Amino acid sequence: MARLELAPELMAEALLCAIDSAEERGTPAAEAWHQDLAALSALPPIPDRERAFAALVADWFERLALDVALRAALELGSRISSRIDVLYVRRAARASDEGAKLFDRPAAHGNDSCGVRLVLSVLPARFKEPRALFELAARELLHAEDLLDPAFGHRAVLSVNVADDPAGAELVDERVRVL
């Protein structure tokens with residue numbers, strides 16, 4: 001099964017969206033979060049404050065089970081999740097950027113591949129609506145399954161060098177998304 005990784009900044013924003021939603025505002029969980037956050041903020045500046053904040057966010061993210069929809073989509077798409085190493089979830093800048101990209105990670109040395117990575121971009125507000133998050137993730141996993149089918153003929157390694165031609169890479173991404 002693919003390993004689920006979430007970008008720390010997405011986790012923090014998603015947690016804040018979930019805690020500050022109308023349904024959660026004023027609940028004991030929301031009040032406990034704000035107390036924990038206030039206690040952390042009251043500490044003098046320390047070198048590890050950012051790490052402590054990340055740990056607090058990760059703890060609350062797990063406590064509120066905000067990743068359940070993503071894990072359910074991975075279980076539903078067990079066929080695809082066995083063919084990718086990592087489902088990395090990051091923040092989308094806008095709704096039109098939501099979706100997934102499939103990458104083959106070339107090995108550091110030689111031409112051998114060291115695995116496939118599916119990068120899913122979502123808006124933090126999606127975590128307030130687990131059903132919508134599940135549907136998006138499931139749809140993108142099914143799309144990735146099609147891309148990994150040898151009959152489809154998709155190459156996960158782009159021929160466009162992103163460093164040399166970022167506009168070309170964006171055009172390729174957009175064309176794959178349309179397909």
Side-chain angles (χ1 to χ4, degrees), residues 1-21 33 36-37 40 48-109 112-149 154-158 162-163 166 169-170 172-174 176-177:
M1 177 117 139
R3 187 174 72 249
L4 177 63
E5 292 181 9
L6 289 106
E9 65 277 0
L10 172 66
M11 288 176 66
E13 286 186 61
L15 177 62
L16 293 176
C17 283
I19 291 284
D20 291 335
S21 71
W33 156 255
D36 287 354
L37 186 59
L40 182 65
D48 295 332
R49 181 185 253 179
E50 190 172 319
R51 191 173 304 143
F53 177 73
L56 179 66
V57 166
D59 178 52
W60 273 95
F61 203 85
E62 185 177 323
R63 201 182 292 186
L64 296 177
L66 293 177
D67 62 348
V68 166
L70 295 169
R71 293 193 186 283
L74 273 173
E75 287 178 20
L76 177 71
S78 61
R79 183 171 165 201
I80 180 63
S81 66
S82 67
R83 296 174 72 186
I84 60 174
D85 293 319
V86 176
L87 172 60
Y88 182 75
V89 186
R90 67 179 182 187
R91 185 187 190 287
R94 54 191 172 274
S96 63
D97 293 336
E98 287 189 311
K101 296 177 187 173
L102 187 63
F103 296 99
D104 188 10
R105 296 180 308 185
H109 305 290
D112 295 334
S113 172
C114 66
V116 177
R117 181 180 186 96
L118 185 66
V119 178
L120 177 64
S121 300
V122 299
L123 291 172
R126 283 263 185 202
F127 287 85
K128 291 189 303 187
E129 304 165 6
R131 183 73 184 157
L133 179 60
F134 170 80
E135 289 172 0
L136 173 67
R139 181 185 72 225
E140 295 300 326
L141 283 164
L142 288 173
H143 179 65
E145 184 174 347
D146 289 342
L147 292 177
L148 287 172
D149 184 346
H154 174 72
R155 289 190 55 214
V157 178
L158 296 177
V162 177
E170 188 173 325
V172 169
D173 288 343
E174 196 59 34
V176 168
R177 183 178 298 152

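Bear in mind the structure is a predicted one, so any value in this text is a computation, not a measurement.
Shown here for Tyr88 and Leu6, the closest heavy-atom pair between the two residues is CE1-C, 4.4 Å. The heavy-atom pair separating Leu141 from Ala73 by the smallest distance is CD1-O, 3.4 Å. In terms of heavy-atom proximity, Val89 sits nearest to Leu70 at CG2-CD1, 4.0 Å. Among all heavy-atom pairs drawn from Val86 and Arg3, the shortest one is CG2-NH2, 3.2 Å.
Ion pairing between a basic and an acidic side chain is recognised when a charged N comes within 4.0 Å of a carboxylate O; Glu9 and Arg91 show no such pairing.
The distance from atom CD of Glu129 to atom SG of Cys17, rounded to the nearest 0.5 Å, is 10.5 Å. The distance from the CG atom of Leu76 to the CG atom of Leu142 is 6.5 Å, given to the nearest 0.5 Å. Interatomic distance, CG of Leu120 versus CG of Leu10, reported as 9.0 Å (0.5 Å rounding). Atom CG of Leu37 and atom CG of Leu16 lie 7.5 Å apart (nearest 0.5 Å). Between the CG atom of Leu118 and the CD1 atom of Ile84 there is a distance of 4.5 Å, given to the nearest 0.5 Å.
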Taking distance alone, no hydrogens or angles, what donor-acceptor pairs closer than 3.5 Å link side-chain atoms of residues 132-140 to residues at least two apart or in another chain?
unit_1 : atom_1 : unit_2 : atom_2 : d
Glu135 : OE2    : Arg131 : NE     : 3.3
Glu140 : OE1    : Ala100 : N      : 3.2

For residues 57-68, which side-chain N or O atoms pair as donor and acceptor with protein atoms under 3.5 Å away, sequence neighbours left out?
unit_1 : atom_1 : unit_2 : atom_2 : d
Asp59  : OD2    : Arg63  : NH2    : 2.8
Trp60  : NE1    : Asp36  : OD2    : 2.9
Asp67  : OD2    : Arg71  : NE     : 2.9
Asp67  : OD2    : Arg71  : NH2    : 3.3

Exercise for the section: Could you check Leu15 against Phe127 for side-chain contact (heavy atoms from CB on, under 4.5 Å), going step by step and ending with a plain yes or no? Expected result: CA-CA 8 Å; Leu15 177 62; Phe127 287 85; over 6 Å; no
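Residues Arg83 and Val116 have side chains not in contact (no heavy-atom distance under 4.5 Å, counting atoms from C-beta outward).
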